[in-house]
There are 2 protein chains.
Amino acid sequence: MSNLSNTSDEILASARNLIMSGGYNGFSYADISEVVGIRKASIHHHFPSKVDLVRELVKRYREDGQASVVTLEQNVPDELDILKVYANHWAKCIEDASRPYCVCALLASELPSLPPEVATEVTNFFRFISSWLTTVMERGYKSGTLNLTSEPHVEAEAFLATVYGAMLSARAYGKPEVFSTILSPALNRLKLTVSH
Amino acid sequence: MSNLSNTSDEILASARNLIMSGGYNGFSYADISEVVGIRKASIHHHFPSKVDLVRELVKRYREDGQASVVTLEQNVPDELDILKVYANHWAKCIEDASRPYCVCALLASELPSLPPEVATEVTNFFRFISSWLTTVMERGYKSGTLNLTSEPHVEAEAFLATVYGAMLSARAYGKPEVFSTILSPALNRLKLTVSH
DNA sequence: ATCTGTCTACCTTCTAGTAGGCAGATCGTC
DNA sequence: GACGATCTGCCTACTAGAAGGTAGACAGAT
């Protein structure tokens, strides 16, 4: 039956939304139970403990990201375009308030107080994004589509920091448009200035 | 008697450390009571509610920041140097683990789920840092000590995002040195390239 | 006959917060 | 200077509710 996976997906989705707004300690099984419409005890059937639930959530979050990256790289050849699509993805999520913040950004902020199993998954997520961005920078440098001023892995970390910092600022001011305001010049700087 | 202010300062200090690691919902009056060595009920004497405590904490955090900024601007004339001192302050705090994360960055991540009184103070903190950095950028542009490629307020937001994004990455990877790795090129870009 | 998903009912621990008492310091008044 | 009144800071003892989690029953599908 697909009811099983349906309910457990609903649980994960509502947990994701709740974490997105208040972090690991900002939600409870009771909160999920209200959203999904089942009893607390039934959630424990799908995810015995809160650690199990969030660990699985972050693991899937990373896997989904990895799948998206594969699709993105298949469809967009130009490296600058790849970075633009990535930035625009977040710009859209923030501006239409559908996913106004990265689950792993919030969990990473709380890292020292997270259960170790969850913390490990969160670190894995950041390592994945970072190493992916590094490959994009390297490729863009070699093929001459990106204008790098530092080593690829440094440019990758700097770009990631800009995206996540911009996300935080947008939330802090309550102004979604701040994200794009910050990202535009960052992307422009990576564009090759064509000499003509 | 100075006992009063001493204890209430100790309470604020321990709350700050606890929030720095796990956010608003990541600590309790019981946690503070253990650190400070007084009973839970005694904390309520100084701060009737958790909202009162954290609101005061964030307010003072901003006021302390404002005072530091005044001193900094009095002692350091060059705008690029000001930005360097600011970045180095955080680099040092992160690397010696004394204040490995900004209290307001953590609270801003949780903003949608914070009590409104606290949320307002957190937004105020970000507005203060942002408008201060904007004045630094403007001054540096006019006096020709900074190399800006966007409007001052955009450069200010971008710099702030880089600092806070780098802070997050350092925490996410568990590698304090990542902060400086990201900040160095960001500061270099703001340096005027002398034509000779 | 077993497995799956849900339920009710319950448990323990933790949460923020309250009531009220008590010791010591401070203060105005005689 | 002595005397009571008030204020301050802390205490013990308590509360109601929320937290994560468990036990066991039951219906329906396999």
Whole angstrom value for the distance that separates [atom2] of [N] from [atom1] of [X]:
| X | N | atom1 | atom2 | answer |
| --- | --- | --- | --- | --- |
| B/Arg39 | D/dT12 | CZ | P | 4 Å |
| A/Phe47 | D/dG20 | CZ | P | 15 Å |
| A/Asn25 | D/dA18 | CG | C1' | 14 Å |
| B/His44 | D/dC14 | NE2 | P | 17 Å |
| B/Ile38 | D/dT8 | CD1 | P | 16 Å |
| B/Asp52 | C/dA16 | CG | P | 13 Å |
| B/Ile11 | D/dC10 | CD1 | P | 7 Å |
| B/Ile43 | C/dT15 | CD1 | P | 11 Å |

_Note: B/Arg139-B/Glu73 ion pair, threshold 4.0 Å (strictly below)_ =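 Judged by the 4.0 Å cut-off on N to carboxylate O distance, B/Arg139 and B/Glu73 do form a salt bridge.
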_Axial bend angle, the helix from C/dT13-D/dA18 to C/dC30-D/dG1: five-pair end segments, nearest 10°_ =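 Comparing the first five pairs with the last five, the axes sit 10° apart.
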*Quick one: are the ring centres of A/Phe179 and A/Tyr164 less than 6.0 Å apart?*
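No: the rings miss the under 6.0 Å criterion.
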*What about the rings of B/Tyr101 and B/Trp90, do their centers lie closer together than 6.0 Å?*
no
*Within less than 4.0 Å of OP1 or OP2 of C/dT15, is there a side-chain N or O belonging to B/Ser28?*
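Yes, within the criterion.
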*Between B/Asp78 (side chain) and B/Asp81 (backbone), is there a donor-acceptor pair under 3.5 Å?*
yes
*Is the side chain of A/Lys50 donor-acceptor paired with the backbone N or O of A/Tyr24 at a distance under 3.5 Å, no angle test?*
yes
*Base, sugar-phosphate, or nothing: which does A/Phe27 touch, judged by heavy atoms less than 4.0 Å apart?*
sugar-phosphate
*asked:* Using a heavy-atom cut-off of 4.0 Å across all strands, would you classify B/Ser42 as base, sugar-phosphate, or nothing?
replied: base
*Which residues pass the salt bridge (charged side-chain N to carboxylate O under 4.0 Å, His left out) test with A/Arg39, sequence neighbours left out?*
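Salt bridge (charged side-chain N to carboxylate O under 4.0 Å, His left out) list for A/Arg39, sorted by chain: empty.
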Where the side chain of [X] is concerned, which of [options] is the nearest nucleotide?
| X | options | answer |
| --- | --- | --- |
| B/His46 | D/dC10, D/dG20, D/dT22 | D/dC10 |
| A/Tyr29 | D/dT22, D/dG21, C/dA16 | D/dG21 |
| A/Ser49 | D/dG21, C/dG17, D/dC10 | D/dG21 |
| B/Ala41 | D/dG21, D/dC11, C/dA9 | D/dC11 |
| A/His45 | C/dT6, C/dA16, D/dC11 | C/dT6 |
| B/Lys40 | C/dA16, D/dA13, D/dG20 | C/dA16 |

*Under 30°, 30 to 60°, or over 60°: which ring-plane class applies to A/Tyr86 and A/Trp132, parallel, tilted or perpendicular?*
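Perpendicular: the ring planes of A/Tyr86 and A/Trp132 meet at over 60°.
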